[in-house]
Structure formats: structure tokens, C-alpha cells
Amino acid sequence: MRLVFPAVIVAVFACAPALAARPHPYLFFQADEVAALREKIRTDPVAGEAFAGLVRSIPANPTIPLPPEGADIRNQWNRAVNQSGRLGVNAAFCYLMTGEQRYLAVARDYLLTYAEHFDSRVNFHALQDKSYMRIYYTGSFGIKAAWTYDMIYDALTPAQRAAIENGLLRRIVQMVRDSHGENQSDGNAMRAPDYEWQAGQWNGVVYCNAGIAAIGFVLGDEAIIDHAVGNWKTYLARDVLTDGLWQEEDYAYAAFCMSGMVAIAEMAHQAGYREDLWTIRVPSRPHDQWDAAYASTFPGEQDDPGYRTLKSYFDAILDYQYPSLDDGNWGWQMNDASFRSGNYVSFYELAFRRYDEPGYAWFLSRMNRDRGSWTVWGPIGPILHHQPLPDAPPRPTASRWYGHGRWLVLKSIEGSDYWGSDALYAFMPYGPYRTKALQRLSVDLFAFGKVVAPRVAKTSRHQSADEAFYLHDDAWNNVKVDGLNISERRGTIADSKLTFHDFTPELKIAQASLLIESYVRPSIWEDAVIDRREDQDHVISRTLGLTDTYLLDIARVRFVQPAAYRHTFEWVWHGAGTLTLEGVRHDTTTHDAWSAVWRDDDGIGLRSTMLGSPTCLTVPLWCASPHGQYVKAARSDRDTAYVVVHEPFRDRPRITAVDGLVHGDGRVAVRVAADAFTDVLVVRYDGDGPTTVDADDLKLTVTGPYAYVRLAGAALTVRGDVAALRLRAEGVQHATLNGRTAAFTAGDGWVKVETD
């Protein structure tokens, strides 16, 4: 190849003192590890198969694709840059492992070709297309170019190194740094004039920064490194939330962003950077200190620890998982978002090594470790990261709420026993700020190793097989008000809060609520306001109470001003399997309780029993969609509260009766009877003041938002703010009140618990 040196080399930075001297390669592994990697490929089946795939990926006489003149960014430019970069990285690694010159030639030609043609074919400023995706693609470009150079550095001549460093690597950095004004990207990524270079809040910028860091580390240029690490610290302080969640609030996007974060932390570790980014604590900053142009995350309801760490993300992501570790139903783009199949494998391989966290080893042993992270390490990942794992128990887990993301995760079994169990799991988002979890107060219910009540519309409208169903129909386990689901794009969620919560061994209970201000807009896609309708402002709340057998579900709609006319309400619930109605017929009216029962071919089913409404008629409707069979409960009233008990079951239900003892005035008392126990659940879902239950066999006064009473054989368990309790029972030998032994008296078939 003919080397072309530009007449003037533009120095992006003056050369700063290099990092601690070490031989190449050192970006993602060290020079003294090459022999061990060769042996690993020879002896380890996973590494051997991954390497065989790399060899097959390199044609005998490959050509180095360049973007065509006038290329568009998303297709032609990206396709050529990504394909050639992948070819260069794979060939460079194959050269290190085999010493074969044909692999060296491919990797060297990739770097020199892109250096020679950078201005004419590669520099995206020369293109008419200004798509903001160029920044994301440049992150991958920078990593691949830097890593290729790192691996073949010793095989290059000084002239070749100068051509690559000055004609390609530093030009990539300059290309990003100069992205402003007339050269800036077009599209929704634009947050500030220098967002492409500074820490603009867009996931593509996060990944671009990883490419810049890779170039800085491979050049030993601390000015570039410090710039990229400075951005990294901003992302950690701003975009990792107080609860450990990444602000994207989405499985696939979080994996993508964290790939860039983890890559920089690992490169800093390998290159001997002065700070350990794996363990560093970055001080958090209050939201109002951020430039408004970058502000799309908001303060949560839990205490801020005052700092952010990378590890908090690894820990937080585990608590979202179902006990089976199957794909969660909590993002909006689930097309390739699998916890076990690959996206997160390299992350936890590295986290296990850097944190020496035994609990991570258990999760890794359940993942598909034959793959690497698709965004950074690709097929080389299993060769680098696949290591023997110790026999370790899983990390314990618990019900929790994510105050910054404002999501609820309730688990009937907690601790290490949760994993692989038949635990019931309920998930509900309620935060108003981000758009990824579109359906606030929509519930997923998981039990016996599968989702038994899914939020069906779990993909974005752009990816959904049935966009109309996703947006405008009954696609969510939620409540519709006057024909609109809770996305309510015509209104504004003015407030979102967790009203109360308590996670005890016997009962996990929480209530979330939204205040929705009503506006009239031309369509759900437009922000323009035609009219403000304060008379239509309303509060929607949802209370979930999870036991080891069932989920109590109270959905409440209350208008802020007394409603001048009746509204239509539709409660929607999806189950898995064949649906039948019990105690009622389709499209008839009833004041009484009734049940919807789903039975699947595997013997796992769900019975959802709705209490009758004392104030209005309910119309149960059996419905079908492209995604399964579901039920609606329609009402016409000035406000409403739906009270339902959901029981997942295997083979047959265990609950024999569900009775309403109190239902109205913002409170409910439900008796749930089963073969082995009888429960009474009391919830004040609206208003304040004490709640009194006065039945033939129960006298109960509750001063707080809830109370739970379970009688199971000789044991009586009580939770909540209970002021008085007297019930008919025989043979009670032990009683507890809020986890402590409680005194009680028994006589004449009654038991009275001392609550003072």
C-alpha cells in the first residue's frame, strides 16, 4: 500500500506524559497474556470454538470496504466502517494467536487504508448527511481502530505507526471534537452545541466517548484520556440513578450504554490509569445543578447516598430478574434484550473478576457464556473473559422499589431461595419522567416459572407487530378512563408518588398514584395545547398486596373536582392460556363478584376474582387480540375502584372463597379463604382516618393504610397499624404482631390480640 502523509498534521492535543510504560497490547489484555490465550484456545472448548469462528470470518483475499462518496450515515457509511473495523480487529487477534502474516496484512491494510482515505471517504463532515447516528457509530469505529492498532503495534514500522496515529486515530478524535455549528449532527440527539464532544445526554454520545477513550489509551495520550474519563464521570454521576438503574430505563439501551461505561473502566484498568474506575465513587450532583439542556432525569423519592458507583448498576439489574432469570418484561425494546443469552455476559464476567463477587459467579453459571457483549468485545469476548467459576450461591434478593426510576418489584420469596423458585413476582412502573416504560401503573405478574399476566405491549410502537393495538387498544394490564389508556398523551402527569409501602415476610404492599392534569391537544403526537380542562383532572392509584399465594390489586380512579357526569372506566387484564369466565357471562351486567380464569397447556393458570361494586354495575367482557385472550371490566360512574384477587395456580386453585367485608369510602376489606389458611386484608386506598371491620366473626380497627391477618392452623399472624383485633378462632397457640410475639386471650370461640 502506498502511504500518503498529510502535509499538515493537526494536533488535537499536545502530547501529555504517557501512562506507565508497558508493551502493546494492553487495551483489553496484556502482552504477557498472549501465550496463555493461545493455550486457552487450544484447551478450552468455548474459547476454541470462538476462535474458530474468528478464523472463518476472515476471507482468504479480503478487500477493505470504504464508504462510497456521498454516503448516507445509517446505511452506507456505517456498513463499510463497521465491516472493515470488525475485519481489522478479528484479523489482528488472529495474527497475535497464530503469527500468520496474512492476518497481519489484513489488519495493517485496514488501518492504513482508512488513514489514507480519511478525508475523502471517512470524515463524516464531508458528507451531506448529518444523521446523529454517526456519533454512535464513531464509538464503535474508534474502539475497533484503536484495538486493531494495539494488537499489531509491534509489527508495524515507525512510518506506518505515524501514518495510523496521525492520519486515522487522532483524526477520529478531531472529527468528533469539531462537531459543532454547520457540521453538527441533525436529529433528536442535539442537546447543546458541543454535545458530540462533551457529555451530552444521549446514549450515542456515551458510546462515542468509549471510542475516544480507546484512542487515548492506545496512544498513551493522557489529555485525551482525561477528557474521556471526565465525560465518563459525568455519565456515572448523572445517568446512574440513586437506585442503581441506568436512566434509559430499558433493558437493551441500558446494556448498550453500560457497554461503553464498562469498556472504559476495563481499558483504564488494563492501561494502568491512575484511578480505578471499577471502584471509584463519583459524587452525585443535585438535578438542578445540571444544564437544563441535559435534564431528562429527575430526583427520586429515596435518599441519595451522595455518590455513584459502577457496581451499583450490576447489583440493581439483578433485582429486576424473574426467579427463572428469563427475559424481563420491563423495557420497551425486547427484540434482543435477554439477560442470559449474551448482552450482559461480558459485563458480569468482568464484574466477577474486578469485584471478586461470588454471587456474580452463580448468575454467570446460568448465562450463555459462549457469547460476548455484542457492542465491544463481540466474538473475542468468550476467549478473553470465559473463566472457571467457583461453586457459589446466588446473591440474596428482596422486594424493593426503585425510587429514581419509580418502579416496584414485589417478590413473595426473598433471599437466596428466590432464585429458581416458584415465587410470585409483581412488577409495576409508576414514574412520569421517561418514556421507555410507557404504561405507568401497568402490572406484570410472574409465578411458577413463567409470566402468567403479561403487559402485552412490551415493545415500542416502531417494533410492535400490531401498532394500533399497542397504542390505542387494551394492550396493557391497566385502567382506561374515557377510552384512553394511562399513557394519556393528551394529558400531563403532574405528580407521581409512592403513597405507602411495607415489605414484610408475610406481605409486600405498596400504593403508587398519579395526578393527571387534563389538556386538549390535536393528537397524542402533538404538544400544542388547545384547552386546559381542570374539571377532568384525576388521580389514578394502584395498590398491590402480594402474599405467598395471591396478589391483591386495587385500581382506583378519582376526579379532583366532583364529577359533573358519569365517566366510562375499563379495567383490562391479560392472562396466559385459554380464558373462561366464572360466575358471570360475557357482556352482561352484575353487581356481584366474578372470576376470569386462564388455563395453559402446562397446567399453570391464573384466577382473577373481582369483587362486586356496590355503587354501579360491571360489564365483564371476554376479549381476544393477536397476543392472546384477555378480560375487560367496564363501568359507568363518577369514579370507581376495582378490587381484584389474582391467584396463580398449578393444576388447581388453592383459594376456595374471596369475600368483600368492606368496600367503599376509600377502603376495602377482603377475606381470602384457602385450604390451609384464612386471610383478611384491609386497605385504605383513599382518604384518611381509621378503618373498622365489624363482621359476625371479626372485629378489627386499623389506624394505618393497611392490615393483614392470617389464621393458619394454630398460628395467628398480624401486620399493620392495628388498634383492635378480635376474631372467631379455635386452637390458636401462637400470635405475632408485626414480627413480634403478641399476647392474646381466648375463650368462647373468640381470640383477642393485645395490640397496645
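Within the 4.5 Å cutoff, the side chain of Leu350 has heavy atoms near those of the Trp377 side chain. Leu54 has its side chain within reach of Ile383: a pair of non-hydrogen atoms, C-beta onward, lies under 4.5 Å apart. Using a 4.5 Å heavy-atom cutoff, the side chains of Leu37 and Leu384 are in contact. With a 4.5 Å cut-off on side-chain heavy atoms, Ile380 and Phe51 do not count as touching. Asp243 places a side-chain heavy atom less than 4.5 Å from the side chain of Arg400. Contact annotation: the side chain of Ile212 never approaches that of Phe217 to less than 4.5 Å [non-hydrogen atoms, C-beta and beyond]. Side-chain atoms of Tyr114 and Ile64, non-hydrogen and from C-beta on, do get closer than 4.5 Å to each other.
The existence of a salt bridge linking Arg170 and Asp221 is confirmed by a sub-4.0 Å separation between a basic side-chain nitrogen and an acidic carboxylate oxygen. The existence of a salt bridge linking Arg395 and Glu414 is excluded, since no basic side-chain nitrogen approaches an acidic carboxylate oxygen closer than 4.0 Å.
Ring geometry for Phe118 versus Phe141: interplanar angle under 30°, hence parallel rather than tilted (30 to 60°). Using bins of under 30°, 30° to 60° and over 60° for the plane-to-plane angle, the ring pair Tyr207/Phe256 lands in the tilted bin.
At least one test fails for Arg354 against the ring of Phe352: distance under 6.0 Å to the centre or angle within 45° of the axis. A cation-pi arrangement is absent between Lys411 and Tyr425, since the terminal nitrogen or guanidinium carbon is not both under 6.0 Å from the aromatic centre and inside a 45° cone about the axis.
No donor-acceptor distance shorter than 3.5 angstrom exists from the side chain of His227 to the backbone of Gln198, with no hydrogens or angles considered. With Ser131 contributing its side chain and Arg134 its backbone, the two residues share no donor-acceptor pair below 3.5 Å. A donor-acceptor contact shorter than 3.5 Å is absent between the side chain of Asn166 and the backbone of Ala115. Listed for the Asp150 side chain is no donor-acceptor partner under 3.5 Å among the backbone atoms of Val218. Checked by atom type and distance alone, the side chain of Trp77 pairs as donor or acceptor with a backbone atom of Val122 at under 3.5 Å. Judged by distance alone, the side chain of Arg369 and the main-chain N or O of Gln387 form a donor-acceptor pair under 3.5 Å. Of the possible polar contacts, none joining the Lys450 side chain to the Ser324 backbone as a donor-acceptor pair under 3.5 Å is found. In terms of modelled atom types and a separation under 3.5 Å, the side chain of Arg308 and the main chain of Val240 share a donor-acceptor contact.
Residues Tyr153 and Tyr149 bring their aromatic ring centres within 6.0 Å. Taking the centre of each ring, Phe314 and Tyr348 come in below the 6.0 Å mark.
There is no side-chain donor-acceptor pair under 3.5 Å between Asn231 and Thr234. No hydrogens or angles considered: nothing links the side chains of Trp419 and Gln321 as a donor-acceptor pair under 3.5 Å. For the residue pair Tyr103/Thr98, the side-chain donor-acceptor check at 3.5 Å is not satisfied. Looking only at atom types and distance, the side chain of Lys144 has a donor-acceptor partner in the side chain of Ser140 under 3.5 Å away. One side chain, Asp315 or Tyr360, offers a donor N or O that lies under 3.5 Å from an acceptor on the other.
Here the rule is ring pair (Phe, Tyr, Trp, His ring centres under 6.0 Å) with Tyr402, and of Tyr320, Trp246, Tyr313, Trp407 only Tyr320 fits it.
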> Are Glu116 and Arg121 close enough, and set up right, to give a salt bridge (Lys or Arg N to Asp or Glu O under 4.0 Å), and what steps lead you there?
Replying inline: CA-CA 9 Å; Glu116 179 180 358; Arg121 306 285 285 276; over 6 Å; no
>> Pair Tyr235, Asn203 - check side-chain contact (heavy atoms from CB on, under 4.5 Å), show working.
In response: CA-CA 10 Å; Tyr235 307 144; Asn203 50 53; over 6 Å; no
> After noting the C-alpha distance and the side-chain angles of Asp178 and Arg171, does the key distance pass the salt bridge (Lys or Arg N to Asp or Glu O under 4.0 Å) rule?
Replying inline: CA-CA 10 Å; Asp178 290 350; Arg171 296 302 308 279; over 6 Å; no
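The salt bridge (charged side-chain N to carboxylate O under 4.0 Å, His left out) pairs that include a residue from residues 154-165 number zero, where partners must be two or more places apart or lie in different chains. Applying the salt bridge (charged side-chain N to carboxylate O under 4.0 Å, His left out) test to pairs two or more places apart or on separate chains, none has a residue in residues 69-86.
Residues Phe28 and Met267 approach most closely at CE2-CG, 3.4 Å, considering heavy atoms.
Environment of CG in Asp32: crowded, with over 12 heavy atoms of neighbouring residues, nucleotides or ligands closer than 6.0 Å.
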